[in-house]
Amino acid sequence: MRIGVPKEVFAGERRVATAPEVVEKLIKLGFSVTVETGAGDAANFSDDAFRAAGAVVAANAEGIWAECDIVFKVRAPNLDEVAQMRAGQTLISFIWPAQNPELMQQLAAKKATVLAIDSLPRTLSRAQKMDALTSMAGISGYRAVIEAANAFGRFFNGQITAAGKVPPAKVFIAGAGVAGLAAIGTAANLGAIVRANDTRAEVADQVVSLGGEFVKVDYEEEGSGGGGYAKVMSEGFQQAQREMYAKQAREVDIIITTALIPGKPAPKLISAEMVKSMKPGSVIVDMAGEQGGNCELTEPGQAVVRHGVTIIGYTDLPSRLAKQASTLYANNLFRVAEELCKSKDGVIDVNMEDEAIRGLTVIKDGAITWPPPALKLPAAAPAGAKPAMAVVPQPKGHGHGGGEPMAAGTLAIVFGVAAVLFALVGAYAPASFLGHFTVFVLACFIGYMVIWNVTPALHTPLMSVTNAISSIIAIGALVQIAPPLLAGGATGDRPDELIRWLAVVGIGLTSINMFGGFAVTRRMLAMFRK
């Protein structure tokens with residue numbers, strides 16, 4: 001089957017739905033790829049780069065809509081593009097079915113199969129690789145801080161110079177979803193004092209881990225709405241939240257808002273009165289501009305100055321990092337293609353029994369299948385039933401083993417058999433072998449107990465460290481190379497050339513193991529440090 005990638009026609013859109021390096025991967029899956037000429041120019045992907053990757057470059061979009069079996073897009077198609085579609089074509093793009101019912105009817109009339117990348121069930125762990133919403137939100141959060149820094153009249157970090165003292169900028173971020181967390185990390189790395197709030201209390205630790213301060217609303221209510229989104233809060237909570245926002249508006253220099261609720265207009269968090277209370281030269285970046293904005297004075301798609309405050313309502317933040325956004329989005333679509341073409345023969349199978357694919361598919365062969373059925377959740381335990389862990393308590397020190405403790409009689413039998421086998425080995429094996437065998441058994445026992453009692457999350461850094469420590473075997477190789485110096489032997493005890501060169505190779509390999517083990521551990525542990 002042939003995948004077509006037309007140039008985006010939405011005003012100001014600079015992204016493209018694939019990248020040259022992803023074209024090569026799609027071809028390996030068995031697909032052929034056609035890209036409209038100039039489709040990647042705004043994202044710095046030339047036609048020649050697409051040709052070098054194996055794609056065919058079409059002269060116009062009409063050929064793509066007419067000849068390709070599958071079409072990859074970023075923005076939802078407009079009326080002209082829908083008119084060019086042929087019956088039975090498959091479209092993978094952002095669609096926003098709840099906000100575009102008319103578009104859904106037009107696509108259904110074309111007997112198309114439509115996969116809306118924005119409808120992916122985000123609660124499925126295996127769907128993360130296809131989650132374009134998360135990819136684009138991370139870029140938006142980063143870019144929002146860059147736009148704020150561009151409009152702000154000072155450094156973000158505090159400085160003391162001969163010309164005077166510059167205080168650090170104070171940034172308040174409303175909403176700590178993917179975009180909010182990206183903004184928190186970026187602003188903190190630039191040296192600002194960062195505060196953040198979210199209706200979901202469970203994100204407080206994430207805010208702190210990125211260098212921010214979580215500002216709690218003085219009102220107890222759970223704000224998680226399922227699927228990784230927030231829910232609409234009660235009037236009492238909203239009143240307490242407005243009071244907190246009003247206080248932050250008077251204190252901070254920059255406000256970044258990210259609050260969105262699927263299928264609903266963006267909630268108004270920042271009132272005109274709050275804008276008036278902000279210091280002259282302050283900045284508001286409203287990331288919800290496309291859905292009406294979180295600020296009452298936001299003008300979607302524009303940057304305006306109101307009461308001395310710059311209010312940025314750009315709706316194309318991911319497109320302002322076009323190359324990065326296109327690459328990530330292209331990888332997301334490639335992962336979707338992988339799920340649709342598991343046989344790697346270039347033919348897709350829209351399997352409606354697959355929960356991830358079922359969630360993505362909003363139209364199947366002209367029949368509207370949105371909204372999808374609720375995801376199947378694991379059966380809940382009967383009310384009042386005790387968890388399995390409580391039935392058979394595990395002995396101390398086996399909290400991570402996951403298995404049922406061995407009965408005392410069985411344990412005695414196992415040790416008895418082991419003792420008999422050890423006695424037989426001791427009776428018939430040479431004394432030198434017995435010494436080595438004893439060390440081997442003790443090493444196995446100690447290693448087993450160490451791994452058994454370590455949190456599974458730390459197994460990888462633990463193993464890299466133990467691999468590095470195990471490189472003490474290099475001492476044995478050194479003994480083989482220079483026994484007179486290291487083992488007290490005579491010159492005549494020097495091994496032949498073959499053994500010596502094997503020892504040299506052994507030292508080289510164990511050195512890689514040693515330094516590599518510590519390097520891997522250092523990098524992994526650095527992931528948890530600021």
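These numbers come from a predicted model, not from an experiment.
Here the side chains of I117 and L360 are in contact, with some heavy-atom distance below 4.5 Å. Residues E338 and K25 are not in side-chain contact: their nearest non-hydrogen atoms beyond the backbone lie 4.5 Å or more apart. Between N189 and T186, every side-chain heavy-atom pair lies at or beyond the 4.5 Å cut-off. Put simply, the side chain of F31 does not reach to within 4.5 Å of the side chain of D69, judged on heavy atoms. No side-chain heavy atom of I3 sits less than 4.5 Å from a side-chain heavy atom of S32.
Checked by atom type and distance alone, the side chain of D47 never pairs as donor or acceptor with a backbone atom of T37 at under 3.5 Å. Between the D286 side chain and the G313 main chain, no donor and acceptor come within less than 3.5 Å of each other. The closest donor-acceptor contact from the side chain of D253 to the backbone of V283 lies at 3.5 Å or more, if one exists at all. The main-chain N or O of F172 is never found under 3.5 Å from a side-chain atom of Q248 such that the two would form a donor-acceptor pair. Side-chain N or O atoms of E296 include none that pairs as donor or acceptor with a backbone N or O of K268 at under 3.5 Å.
Annotation for E102: atom CD does not count as buried by contact number, only 12 or fewer foreign heavy atoms lying within 6.0 Å.
When each of R195, K279, K170 is paired with E251, the side chain to side chain donor-acceptor pair (under 3.5 Å) condition holds for R195 and for no other.
For W96, the ring pair (Phe, Tyr, Trp, His ring centres under 6.0 Å) test picks out F94, with sequence neighbours left out.
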